[in-house]
Number of protein chains: 2
Amino acid sequence: MNESPGVVDLLGVLAYAELSAFTRMTDDAARLAPSLADRAALSELAVAEYAHFRLLRDRLTELGADPDLAMQPFAEALDAWHRQTAPTDWLEALVKAYVGVGIALDFYREAARRLDPSIAELVDEVLADEGRAEFAVERVRAGVTADPVAGGRLALWARRMVGEALSQGQRVAAARPELAMMLVESGADDQAEISRMFARLTEEHSKRMAALGI
Amino acid sequence: MNESPGVVDLLGVLAYAELSAFTRMTDDAARLAPSLADRAALSELAVAEYAHFRLLRDRLTELGADPDLAMQPFAEALDAWHRQTAPTDWLEALVKAYVGVGIALDFYREAARRLDPSIAELVDEVLADEGRAEFAVERVRAGVTADPVAGGRLALWARRMVGEALSQGQRVAAARPELAMMLVESGADDQAEISRMFARLTEEHSKRMAALGI
């Protein structure tokens with residue numbers, strides 16, 4: 001098993017990302033859903049995030065790490081991101097869920113490229129849920145068709161959301177060099193490689209924006 | 001199958017109770033838990049509530065009822081109860097989870113006593129989770145041992161919580177007579193029988209208070 005100290009960091013940041021996504025989606029669903037069925041649909045996604053959190057936490061425990069200590073270094077950056085990107089209406093909540101889950105899955109994929117098989121397995125389990133956020137796509141597209149002005153507003157808002165994610169991500173990468181090194185191509189530890197990873201994440205984000213029609 | 005209109009009301013009130021418990025526990029966990037492990041423990045209970053919501057919603061759909069319409073009449077009373085009983089610290093959050101889950105399970109038991117087998121089955125599935133809130137007991141007992149003043153405060157607060165529940169419950173019973181009739185002994189529809197049911201619920205509540213040591 002690859003026992004690089006970066007592994008615990010990686011599982012820790014993903015675990016807190018899932019736990020905080022669970023909390024925030026549940027809250028967004030209760031505050032903003034226009035119907036109880038919509039509230040349930042977003043809550044369902046939140047519960048799936050919780051299941052991922054559970055996998056990551058249990059993996060940390062198996063590795064002999066304390067899940068709380070592993071998550072703690074990343075809580076502030078992720079909480080800050082959620083505060084900066086708190087949705088104010090239902091379409092924003094859906095865009096955030098779709099975009100946020102997408103960014104997280106991209107990180108899992110980056111991690112799976114270069115990590116030990118035991119973590120690659122966990123990544124497969126998480127990626128099996130990939131389609132869950134798709135329900136947001138048709139609802140956002142319908143909302144944008146009904147109100148084209150909303151489309152422009154959502155596009156700007158999604159850009160801000162990914163900008164804040166990149167900014168928090170770079171802050172975390174600077175504070176946790178072992179994690180950053182693990183996520184770049186093996187052996188490379190230069191800033192250019194990190195930038196290329198962020199470029200890949202940005203490109204995937206653009207595809208999601210296109211899918212949403214914004 | 002017992003197709004009394006009260007069945008849809010009963011499933012509707014329980015479904016919204018589970019959905020709102022899921023939302024509120026998730027929020028309480030994020031706001032008040034002293035550690036990420038504690039936050040996860042209460043979130044775990046919240047996710048179990050969501051699973052109960054899913055069972056109830058699917059049962060409503062099978063019966064040909066619209067889950068949103070079935071839940072809607074009860075949303076205001078349950079939301080009001082949550083607003084009136086929002087915990088302000090971690091021990092209050094634990095007491096609320098333990099007491100709230102306990103009251104809900106008592107309602108399932110009252111319902112199981114006199115409903116058709118298809119609903120009795122669902123009640124069995126929910127009651128299989130009965131032990132999940134037990135983690136709160138030792139934590140509250142430890143908290144009260146460490147700070148006896150907290151015990152008195154929590155006891156008063158739990159009394160207020162059950163008082164608000166009875167008050168909202170009586171309001172719902174008055175507004176939904178078919179539901180109230182279904183919950184009292186078969187054939188009886190008098191206020192005395194409803195009062196006896198509330199007395200049973202209060203007695204179970206006292207036992208939970210004793211278990212918590214408050």
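Please read these numbers as outputs of a predicted model, since none were measured by experiment. Naming convention: chains lettered A, B, ... in sequence-line order (proteins, then strands); numbering from 1 in each chain.
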| task | Measure the spacing between CG of A/Leu19 and CG of B/Leu36 and express it to the nearest 0.5 Å. | result | 6.5 Å
| field | Contact origin within A/Arg24 toward chain B - heavy atom pairs under 4.5 Å | value | neither
| Between A/Ala40, A/Pro67, A/Ala30, which has the largest tally of heavy atom pairs under 4.5 Å with chain B? | A/Ala40
| query | For the atom pair CG (A/Asp38) and CG (B/Asp68), what is the distance rounded to the nearest 0.5 Å? | reply | 8.0 Å
| Hey, mind stepping through A/Ser20 and B/Arg39 against side-chain contact (heavy atoms from CB on, under 4.5 Å) and telling me if it holds? | CA-CA 10 Å; A/Ser20 58; B/Arg39 177 169 165 185; 4.3 Å; yes
| Is the number of heavy atoms from other residues, nucleotides or ligands under 6.0 Å of B/Gln84 CD greater than 12? | yes
| query | Is the number of heavy atoms from other residues, nucleotides or ligands under 6.0 Å of B/Glu204 CD greater than 12? | reply | yes
| task | Quick one: pull up OG1 in A/Thr23 and CG in B/Asp27 and give me the separation to the nearest 0.5 Å. | result | 8.5 Å
| said: As a quick check of understanding, evaluate side-chain contact (heavy atoms from CB on, under 4.5 Å) for A/Tyr50 and B/Thr26, giving each step before the final call. | reply: CA-CA 11 Å; A/Tyr50 188 81; B/Thr26 300; over 6 Å; no
| query | Does CZ belonging to B/Arg171 count more than 12 external heavy atoms closer than 6.0 Å? | reply | yes
